[in-house]
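Counting starts at 1 for both ligands and their atoms, following the listed order. In what follows, residues are counted from 1 in the order of the sequence shown.
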Amino acid sequence: MKVETLRWANNKLEMIDQRVLPATFNYLAYDSAASVAEGIRSMVVRGAPAIGVAAAYGVALEALRLSVLLPPVRGKVGMGVETVNTSTPSLTLPLHGGGDGVVDFNSGMEAGFTVLAQSRPTAVNLFWALERMRRVWQGIATQSPGEIAARLLAEAHEMLVEDIRINRAMGAHGAALLQDGARVLTHCNAGALATAGWGTALGVIRSAVEAGKKISLIADETRPFLQGARLTAWEMVQENIPVTLITDNMAGHLMAHGEVDAVVVGTDRVASNGDVANKIGTYMVAVLARRHNIPFYVACPLSTIDMSIASGKDIPIEERAADEVKGFRDTHWAAAGVSIRNPAFDVTPAELVTGLITEKGVVMQPDLNKLRALMGMA
Ligand code: MRU
């Protein structure tokens, strides 16, 4: 089964509800910037590249909504697809009734950009995508809202297709690094569900398998949101790629017993010096990998590299709700009254990174000079 994490259907963005996988496979439909922002914030869609593509559609949807080409439709749409209502008051702008239509459109678009930018802070792909959409808009700002909306929608479609192409290219470069028979550990979900399709870290696994290598995956469960247990394991099981689930605290034991040949993870933001932000717990895995002489690779599209920041210290780390640590969904096991921390990401220093796998090739031991060259800034 091909996983379509995001798709355009019935003039809306539909996204798999990743909060309820693997028990329930369900699409939710989105018709505005505010509703897409809420989908990102609440983790219906997650994973850096997928968040970027979703945000691009959010901008296009807002332009469509404001241009009144596509007035929002509420309620149930088709089987298993529920439309998420827009309820952000700041976006309820007067579209008719004597106002200046252009001003209304422009200020509505700005509000759309703002609400999307506030949805999650760490993955730079979100801001990269918004910037790209803004440039497209600015390039045609004198055209009619309908024309602008159509062009923005075409750009979002292009970004979706491009993301899969990039993941395929990264997959091919990364697959060459893995020996036939390799046992690869991954953390979180950097798969088709975290992208428009194929995946970054799991794209490497898929490409290696497609090239005929026998690869088996070890998936950290990834507390507290369980992206490994729920999403990575599900993706691999769907495709009969051998996968073994472990709890996060078992990785060191397996490494010490010679059961891990390589680590491949994704990333939410790479700083210009090569420091890597990824799902909380990744840093621990990287330290363990170095201790056991296991290569630690990071699959990273260029859109995830943030050359504007000097190091990982500048990466904003999202702190999520305490409830996620107290238990899971309605079950709480933590002692009532205990104080809780829930940073959702950590930073692995560049010195622990064996190589960055990008669509342009693998950058071994990334540093500022190598990343400047990679990004065409040298
Ligand atoms: O909180 P999440 O699930 O959005 O975190 C996702 C990750 O940390 C992924 O590893 C990262 O985005 C890379 S996805 C290709």
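An N or O contact shorter than 3.5 Å is missing between His187 and ligand 1 by distance. For Gly47, a nitrogen or oxygen atom sits less than 3.5 Å from a nitrogen or oxygen atom of ligand 1, counting backbone and side chain alike. Residue Ala48 has at least one N or O atom closer than 3.5 Å to an N or O atom of ligand 1. Any N or O atom pair closer than 3.5 Å counts here, and Thr200 shares no such pair with ligand 1. Below 3.5 Å of separation, one finds no N or O of Thr195 facing any N or O of ligand 1.
Thr267 and Asn278 are not linked by any side-chain donor-acceptor pair at a separation below 3.5 angstrom, with hydrogens and angles left out of the test.
Judged by a 6.0 Å distance limit and a 45° cone about the ring axis, Arg290 is not positioned over the six-membered ring of Phe296. Under a cutoff of 6.0 Å and an axis angle of 45°, Arg320 and Phe345 do not form a cation-pi pair.
For Phe113 and Trp137, the distance between ring centers is under 6.0 angstrom.
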task = Could you give me the CA-CA distance, side-chain angles and deciding distance for Asp180 and Lys214, then say whether salt bridge (charged side-chain N to carboxylate O under 4.0 Å, His left out) is met?
result = CA-CA 5 Å; Asp180 190 17; Lys214 270 196 170 21; over 6 Å; no
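In terms of protein heavy-atom proximity, atom 5 (O) of ligand 1 is nearest to Lys279 CE, 3.3 Å. Residue, atom and distance of the protein heavy atom nearest to atom 10 (O) of ligand 1 are Asn278 OD1, 2.6 Å. Considering only non-hydrogen protein atoms, atom 8 (O) of ligand 1 sits nearest to Asp268 OD1, 2.8 Å.
Close approach of ligand 1 to Ala194 is summarised as follows: ligand atoms under 4.0 Å from at least one heavy atom of the residue are 14 (S), 15 (C). Of all the atoms in ligand 1, the ones that sit under 4.0 Å from a non-hydrogen atom of Arg120 are 1 (O), 2 (P), 4 (O).
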